[in-house]
Trainee: 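The following block contains the structure, expressed as structure tokens.
Both ligands and their constituent atoms are indexed starting at 1 by order of listing.
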Amino acid sequence: MVRRIDGKAAAATIIERVKAESAQLLAETGTRPGLAVVIVGEDPASQVYVASKARMAEDCGFRSVKHVLPETAGEDEVLDLVRDLNADPAIHGILVQLPLPASIDSTRIVQSIAVEKDVDGFHLLNVGRLGSGDIAAAFVPCTPAGSMILIREVLGDDLSGKTAVVLGRSNIVGKPMAQLLLAANATVTIAHSRTSDLPALCRTADILVAAVGRSEMVRGDWVKPGAVVIDVGINRIDAPERGPGQSRLVGDVAYAEAAEHAGAITPVPGGVGPMTIALLMANTVVSACRTMGRAVPTF
Ligand code: GUN
């Protein structure tokens, strides 16, 4: 019987710890963790993500600030805002929601965020810390960090002897995911759209992480019997069976098929998604603790 990995429950556990750490920090130092989220333009999916991040930050007892800039905002305007947030001692974490409008150089904006407030883990110094194995000093991107916690829940901390295949080579998910698996002693392959015979490669994986952004691309017969399958995809597809104009969320994995082969698998929704937000909160409370020179919780 396949184990359905409950990301909602795991995220709730992390959020409880974040709340406790945040309350203790406030009681003992008078400091509240501060998270600023910046969104440029009106992409509806990004609006939803940013609103839920800001709401969760409030739930955690943080100072939560949301900056909404118009689609027409120039690069300098965004850079000025980030500069102000970098200098604001009440802000411990800064997140600029991606994608940014095409007229803005995302790399320039993201790299302008102070490394010690880079709770997304996108600053090159944080990327380098993760790549060189200094995970304790890094901010690790939230989605792979959350996925790794789910993998540890099933397989434990040491993945020696396990093979992992990461489908997708993005800077946000695929590459940092591979680094985390490698740091836990897994033997890791990163696969992507130019990889030949993806199904055969996936069938070799004890751990299969799908982060390609293509609805239900991973079929049941791609999954090694007993494998741990982590589905990072969140894709909205038409669902006429629910009524005209209705839609539903699916992952990058054909869940029902894959569940017939896997030992454990994350659902969509309710798998990796809630973990991403929980790890953003965790990174923010870690940042506040570091700033205040206090013991830093690990998640
Ligand atoms: N857009 C989609 N995922 C992310 C993320 O993890 N961080 C930011 N800043 N933008 C995103």
Trainee: For ligand 1, which atoms have a heavy atom of Val96 less than 4.0 angstrom away?
Mentor: 8 (C), 9 (N)

Trainee: So for ligand 1, is Gln97 a polar contact partner (N or O within less than 3.5 Å, distance only)?
Mentor: yes

Trainee: Measure the spacing between CG of Asn86 and OG of Ser112 and express it to the nearest 0.5 Å.
Mentor: 6.5 Å

Trainee: Between Phe122 and ligand 1, which residue portion shows a heavy-atom distance shorter than 4.0 Å: side chain, backbone, both, or neither?
Mentor: side chain

Trainee: Compute the shortest N/O to N/O distance between Ile172 and ligand 1 and return yes if it is under 3.5 Å, no if not.
Mentor: no

Trainee: Between Glu241 and Arg248, does any side-chain N to carboxylate O distance fall below 4.0 Å?
Mentor: yes

Trainee: Closer than 4.0 angstrom, basic N to acidic O: yes or no for Arg3 and Glu153?
Mentor: yes

Trainee: List every atom of ligand 1 that sits less than 4.0 Å from any heavy atom of Leu95, numbering the atoms from 1 in the order shown and giving each element.
Mentor: 9 (N)

Trainee: Distance check, rounded to the nearest 0.5 Å: Leu85 atom CG versus Leu95 atom CG?
Mentor: 11.0 Å

Trainee: Which residue holds the protein heavy atom closest to atom 1 (N) of ligand 1, what is that atom called, and what is the gap in Å?
Mentor: Leu98 O, 2.9 Å

Trainee: Ion pair present between Arg214 and Asp252, side-chain N to carboxylate O less than 4.0 angstrom?
Mentor: no

Trainee: Is there a protein heavy atom less than 4.0 Å away from atom 10 (N) of ligand 1?
Mentor: yes

Trainee: Check this for me - ligand 1, Asp120, N or O atoms closer than 3.5 angstrom, yes or no?
Mentor: yes

Trainee: Are Glu116 and Arg290 close enough for a salt bridge, meaning some N to O gap below 4.0 Å?
Mentor: no

